[in-house]
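None of the values given here were measured: they were computed from a predicted structure.
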Amino acid sequence: MDLRAYTRQYTKKDNRLAALNYFGTFVVYFTSLYLAITYSNLWFVMWPAGIVFAFSAVRLYVLQHDTGHHSLFETRAQNELAGHVLSPFTFAPFEVMKQNHNLHHANVGNLEHRETGEIHTMTVEEWNRAGLLERVLYRLYRNPFVLVPLGAAFTYFVRYRWPKNTVEFGVFPVLLHNIAIIALLYGLYLLAGTEGLWIWLGFSFLGGMIGVFLVYLQHNFEDTYWDRRPDLDPRDAALQGSSCLDFGWFFDFAVANITLHDIHHYNARIPCYRLRQCHHNMPEHMALRRIKFREAIRALGLKLWDEKQKRLVPFPS
């Protein structure tokens, strides 16, 4: 059995598991936010509840990502409806983000179409040709203490109000999405006041930083894959160019298995609730490399793609 045939075994969608993930995450999202706001004067309640809220927000984003692939629920209509409902809570307008993400899948690992990725990567040759200002800006951009917090603030609170390709994929849905966010925040203000809004904002920002950290690690690690056509191999781009982050079962569960990104890119029809089973039941001769937390942290120091060595490298000395 080859890998394609093996992964097909895990593509069956189950509305019961989908609903448990979908509605269960919403329950955790609202309960943790309620506890964080209600007990804001008790740090030992607010902070744990807020952290749970942040991870539940990331989980909702991953579930929306699955609905965009029509891989969460059993039918296309169910996935589309679920994705639109999630939009105000994830801050990501469903239709435009779905189309942009499909472009990302189509061009993963392609050096000639890096604009479809979430994190920009320069090659060593481009770095050597770059001027002083371009180098300074890129150094700031790839600094994790800039990329993670500012990237989260910009992406979720600014850029997603008008994502790239909005005119091409649908202006009206994006406008409705932004109106829905305003209505949602106004409702929260009526229920919890200004303090409630600040607590929501702070822990949503934390969720955004977790999301950016994961997005970075999905394709930025030492032996990732980049190439140019006609040498680009889609299979290697999916499996070698995407990571499997081995941070333990609980972390996988908390982020709806988006950590198993290599198998997802290889077969995007696998629902998030079957990814871990698919990965860990894999025959030994098919086994894929897993990245532990320590290696993942070291990967934050890798900045440029070296086309000669075929690996991600730090800035030159």
Close side-chain approach of [X] and [Y], heavy atoms under 4.5 Å:
X	Y	answer
H70	T75	no
I37	W198	no
L103	N165	yes
I199	F53	no
L304	L312	no
I291	F247	no
V85	L81	yes
W127	P316	yes

Can you give me the closest heavy-atom contact between [X] and [Y], atom names plus distance?
X	Y	result
L275	H264	CD2-N, 4.0 Å
K303	T121	O-CG2, 4.1 Å
L185	L197	O-CD2, 3.5 Å
T259	V255	CG2-CG2, 4.0 Å
M97	A92	CG-CB, 3.8 Å
F73	K13	O-CD, 2.8 Å

Between [X] and [Y], is there a shared hydrophobic cluster once you connect ILVMFWY residues whose side-chain heavy atoms come closer than 4.5 Å?
X	Y	result
Y34	W43	yes
L63	V215	yes
F221	V108	no
L176	Y186	no
I297	V148	yes

Exercise for review: Decide side chain to side chain contact (heavy atoms under 4.5 Å, CB included) for V167 and W162; before the verdict, give the C-alpha distance in whole Å, the side-chain angles of both, and the deciding distance to 0.1 Å.
Suggested key: CA-CA 9 Å; V167 173; W162 192 265; 4.1 Å; yes
Between [X] (side chain only) and [Y] (backbone N and O only), is there a donor and an acceptor less than 3.5 Å apart?
X	Y	answer
Y141	V136	no
D66	C272	yes
D306	V124	no
S242	L239	no
T166	P163	yes
T155	A152	no
R161	V174	no
Q99	V96	no
D2	A5	yes
K12	P271	no

Check your understanding: Please walk me through it: do E126 and R114 pass salt bridge (Lys or Arg N to Asp or Glu O under 4.0 Å)?
Key -> CA-CA 13 Å; E126 289 166 345; R114 278 167 283 171; 2.7 Å; yes
Taking the six-membered ring of [Y] (Phe, Tyr or Trp), confirm whether the NZ or CZ of [X] is under 6.0 Å from its centre and within 45° of its axis.
X	Y	value
R311	W305	no
R235	Y225	no
R269	Y10	no

For the [atom1] atom on [X], are there more than 12 heavy atoms of other groups (residues, nucleotides or ligands in this structure) within a distance under 6.0 Å?
X	atom1	value
R4	CZ	yes
Y189	OH	no
F169	CZ	yes
K292	NZ	no

Practice item. Can you spot which of F157, Y156, Y160 makes a ring pair (Phe, Tyr, Trp, His ring centres under 6.0 Å) with F91? Key: F157
One thing to verify: whether [Y] and [X] come together as a salt bridge, which I'm taking to mean a side-chain N less than 4.0 angstrom from a carboxylate O.
X	Y	result
E307	R228	yes
K98	E80	yes
R289	E295	yes

Review point. Hey, what do you get for OG (S71) to OH (Y273), rounding to the nearest 0.5 Å?
Key: 7.5 Å
Check your understanding: Just how far is it from atom CD1 of I263 to atom CE of M286, taken to the nearest 0.5 Å?
Key -> 9.5 Å
Exercise for review: Quick one: do Q240 and T224 satisfy side chain to side chain donor-acceptor pair (under 3.5 Å)? Show the steps, please.
Suggested key: CA-CA 6 Å; Q240 186 181 329; T224 186; over 6 Å; no
Check your understanding: E134 and R129: salt bridge (Lys or Arg N to Asp or Glu O under 4.0 Å), yes or no, with the steps?
Key -> CA-CA 10 Å; E134 187 177 0; R129 292 198 310 263; over 6 Å; no
Show the atom names and distances, to 0.1 Å, of all donor-acceptor pairs under 3.5 Å that link a side chain in residues 44-51 to residues at least two apart or in another chain.
none

Less than 3.5 Å apart, any donor N or O on the side chain of [X] or [Y] sitting next to an acceptor on the other?
X	Y	answer
Q64	S87	yes
S243	Q218	no
T67	N79	no
H279	Q277	no

Exercise for review: Show the numbers, then the answer: is there a ring-ring contact (aromatic ring centres under 6.0 Å, His included) between H177 and H84?
Suggested key: CA-CA 8 Å; H177 163 79; H84 283 293; 9.6 Å; no
Review point. Which class fits the ring pair H101 and H105: parallel under 30°, tilted 30 to 60°, perpendicular over 60°?
Key: perpendicular
Practice item. Kindly assign one of parallel, tilted or perpendicular to the pair F26 and Y29, based on the angle between their ring planes and the thresholds 30° and 60°. Key: perpendicular
Check your understanding: Taking it one step at a time, do K310 and D227 satisfy salt bridge (Lys or Arg N to Asp or Glu O under 4.0 Å)?
Key -> CA-CA 8 Å; K310 299 291 185 184; D227 213 336; 3.6 Å; yes
Practice item. Check step by step if side chain to side chain donor-acceptor pair (under 3.5 Å) holds for R142 and N220. Key: CA-CA 11 Å; R142 294 288 293 211; N220 288 268; 3.1 Å; yes
**Study point:** Derivation of the side chain to side chain contact (heavy atoms under 4.5 Å, CB included) call for C244 and D262
**Key:** CA-CA 6 Å; C244 171; D262 47 3; 3.4 Å; yes
Exercise for review: Please list, chain by chain and in numerical order, all residues satisfying side-chain hydrogen bond (donor to acceptor under 3.5 Å, both in side chains) with Y266, sequence neighbours excluded.
Suggested key: none
